[in-house]
Amino acid sequence: MELTALLERLRLEHLEPQLDAVCEQAAARELDYKSFLTAALVTEWQGRQLRGIEARLRQARFPWVKTLDQYDFEFQPSLDRRQVRELAGLSFVERGQNVVLLGPPGVGKTHLAVGLGVKAVEAGYSVLFLSLEGLMTRLVRAKHENRPERALQQLTYPKVLILDELGYLPLSRDEASLFFRLVVRRYERASLIVTSNKSFLDWGEVFNDQVLATAILDRLLHHATTLNIKGESYRLKEKRRAGLLGRASNEAEQRKEEAAE
């Protein structure tokens, strides 16, 4: 049997296109048979790993892919880098624990959440990213179609579920109840990463029910790390750097003066 056919039958599809290069490197390094076989299998394994990462990245539905290395810690000195490094080790995922990122708009909460999600994907975990609006749309539709349990069960499968932008819009009682049921389903089983622009004291308003908000926080925070980012918006920083913020302020002042005349 020819080597190419054998590689196809063994489904070594990543090794086949790189086999000549692997052989050349083995000859140059004067590898013995065992070392050559190891190098060939490592090439196949690395290809499969990369393909798996690419597939999990697509399934995660990130709005964009950004890593923790790309986060500007110098701009947010309130953020504890040690905590972020510990979270990047993913022990919280192994234990089914949660992460809550609090702070005003634009401070990088979503970037951190996505960065942790990318780390989890690279480590082989399943991840799903949803805005809170997207989550509620999915759950409310499922309830109207008399299949809320099935939808909730599907949302328990990802090892890491990222829920972005909690607090920007208040939830109805039905929506808050569905959110509570999701938190209960995942409690101590799989990790949640939640970003919010509201302090925990304001979650009663978000969920339109202080008792329900307390029950949600009780389970969410029982095994959780909370990062509170108290810094300036990255978007405002970029506008100020481009001179747009100052120009907008000047134009506003000019309009006020013209109106007064």
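All values reported here derive from a predicted model rather than from experimental measurement.
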Original post:
Under a 4.5 Å cut-off applied to non-hydrogen side-chain atoms, are Q59 and L128 in contact?
Top reply: no
**OP:** Measure the spacing between CG of N228 and NZ of K230 and express it to the nearest 0.5 Å.
**Re:** 5.0 Å
Original post:
How long is the span from the OG1 atom in T43 to the CD atom in Q25, to the nearest 0.5 Å?
Top reply: 7.5 Å
Original post:
With distance as the sole test, does K109 use its side chain to make a donor-acceptor pair with the main-chain N or O of P104 at under 3.5 Å?
Top reply: yes
Original post:
V184 and R189: which non-hydrogen atoms are nearest, and at how many Å?
Top reply: O-NH1, 3.4 Å
**OP:** Verify side chain to side chain contact (heavy atoms under 4.5 Å, CB included) between F92 and L90, making sure each step is shown before the conclusion.
**Re:** CA-CA 5 Å; F92 78 96; L90 302 178; 4.1 Å; yes
Subject >> Minimum-distance pair of heavy atoms, taken over all atoms of V114 and P63 >> reply: CG2-CD, 4.3 Å
Subject >> From Y125 atom OH to R56 atom CZ, the distance as rounded to the nearest 0.5 Å >> reply: 11.0 Å
Original post:
Ion pair present between R150 and E145, side-chain N to carboxylate O less than 4.0 angstrom?
Top reply: no
Original post:
Short question: side chain of S91, backbone of L87 - any donor-acceptor pair under 3.5 Å?
Top reply: no
Original post:
Just by distance, do the side chain of R138 and the backbone of L130 share a donor-acceptor pair under 3.5 Å?
Top reply: no
Subject >> Transitive ILVMFWY side-chain link I162 to W64, under 4.5 Å >> reply: yes
Original post:
Are Y168 and L171 connected in the hydrophobic side-chain network, where two residues link if heavy atoms are under 4.5 Å apart?
Top reply: no
Original post:
Is K159 salt-bridged to E94, cutoff N-O under 4.0 Å?
Top reply: no
**OP:** Check for a donor-acceptor pair, side chain of E122 on one end and backbone N or O of K119 on the other, with a separation under 3.5 Å.
**Re:** no
Original post:
Do you know which two heavy atoms are closest between V183 and L220, and how far apart they sit?
Top reply: CG1-N, 4.3 Å
Original post:
So, H223 versus E188: side-chain donor-acceptor pair below 3.5 Å or not?
Top reply: yes
Original post:
After noting the C-alpha distance and the side-chain angles of E44 and R11, does the key distance pass the salt bridge (charged side-chain N to carboxylate O under 4.0 Å, His left out) rule?
Top reply: CA-CA 10 Å; E44 175 65 25; R11 297 183 179 178; over 6 Å; no
Subject >> Atom pair CD/CG of E133 and L163 - distance to nearest 0.5 Å >> reply: 13.5 Å
Original post:
Do the side-chain N and O atoms of D174 and S177 include a donor-acceptor pair separated by under 3.5 angstrom?
Top reply: no
Original post:
Between L152 and V127, is there a shared hydrophobic cluster once you connect ILVMFWY residues whose side-chain heavy atoms come closer than 4.5 Å?
Top reply: no
**OP:** For salt bridge (charged side-chain N to carboxylate O under 4.0 Å, His left out), just list the numbers for R51 and E13, CA-CA rounded to whole Å, side-chain angles, deciding distance to a tenth of an Å, and then say yes or no.
**Re:** CA-CA 11 Å; R51 183 175 63 182; E13 58 189 55; 2.3 Å; yes
**OP:** Check whether any side-chain N or O of T214 sits under 3.5 Å from a backbone N or O of Q210 as a donor-acceptor pair, and report yes or no.
**Re:** yes
Subject >> Qualifying residue, where the test is side chain to side chain contact (heavy atoms under 4.5 Å, CB included) with T226 and the options are V194, L102, V99 >> reply: L102
Original post:
Does the side chain of V84 come within less than 4.5 Å of D80's, by heavy atoms?
Top reply: no
Subject >> Closest non-hydrogen atom pair, V107 against Q76 >> reply: O-NE2, 3.3 Å
Subject >> Separation of L41 CG from L12 CG (nearest 0.5 Å) >> reply: 7.5 Å
Original post:
Does any N or O in the side chain of N98 come within less than 3.5 Å of the main-chain N or O of L192, such that one atom is a donor and the other an acceptor?
Top reply: yes
Original post:
Under 4.0 Å between a Lys/Arg side-chain N and an Asp/Glu carboxylate O for K34 and D32?
Top reply: no
**OP:** State whether the side chain of R147 and the backbone N or O of A142 hold a donor-acceptor pair below 3.5 Å, judged by distance alone.
**Re:** no
**OP:** Check A40 against L15 and note the closest heavy-atom contact, atom names and distance.
**Re:** O-CD1, 3.6 Å
**OP:** Go through the steps for V100 and T225 under the test side chain to side chain contact (heavy atoms under 4.5 Å, CB included), then give the verdict.
**Re:** CA-CA 6 Å; V100 182; T225 298; over 6 Å; no
**OP:** Apply the test side chain to side chain contact (heavy atoms under 4.5 Å, CB included) to residues F129 and I193: give CA-CA distance (whole Å), side-chain angles for both, the deciding distance (0.1 Å), then the verdict.
**Re:** CA-CA 9 Å; F129 178 102; I193 299 178; over 6 Å; no
Original post:
Is there a chain of hydrophobic side chains (I, L, V, M, F, W, Y, each step under 4.5 Å between heavy atoms) that links W203 to L182?
Top reply: yes
**OP:** State yes or no: are the ring centers of F73 and Y71 separated by less than 6.0 Å?
**Re:** yes
Original post:
Please walk me through it: do V65 and V118 pass side chain to side chain contact (heavy atoms under 4.5 Å, CB included)?
Top reply: CA-CA 7 Å; V65 175; V118 170; 3.9 Å; yes
Original post:
Is there a side-chain contact between S78 and I229, using heavy atoms and a 4.5 Å cut-off?
Top reply: yes
Original post:
When clusters are formed by joining ILVMFWY residues with side-chain heavy atoms under 4.5 Å apart, either directly or through shared neighbours, do F200 and L101 land in the same one?
Top reply: no
Original post:
Relative to the ring of F179, is the ring of F207 parallel (under 30°), tilted (30 to 60°) or perpendicular (over 60°)?
Top reply: tilted
**OP:** Look at atom CD of E205 and say whether more than 12 heavy atoms of other residues, nucleotides or ligands are closer to it than 6.0 Å.
**Re:** no
Original post:
Roughly how far, to the nearest 0.5 Å, is the CD atom of E165 from the CG atom of L135?
Top reply: 12.5 Å
Subject >> Flag side-chain contact, heavy atom, 4.5 Å: L3 against L19 >> reply: yes
Original post:
Is T195 reaching over with its side chain to a backbone N or O of T110, donor-acceptor style, under 3.5 angstrom?
Top reply: no
Subject >> Pairwise side-chain contact, R186 with P158, heavy-atom cut-off 4.5 Å (strictly under) >> reply: yes
Original post:
Would you say the side-chain atoms of H222 pair up with the backbone N or O of Y187, donor to acceptor, closer than 3.5 Å?
Top reply: no
**OP:** Taking S191 for its side chain and Q97 for its backbone only, find out whether a donor-acceptor pair lies under 3.5 Å.
**Re:** yes
**OP:** Please say whether more than 12 non-hydrogen atoms of neighbouring residues, nucleotides or ligands are located less than 6.0 Å from CD in Q70.
**Re:** yes
Original post:
Do you know the tightest heavy-atom contact between E175 and V140?
Top reply: CG-CG2, 3.8 Å
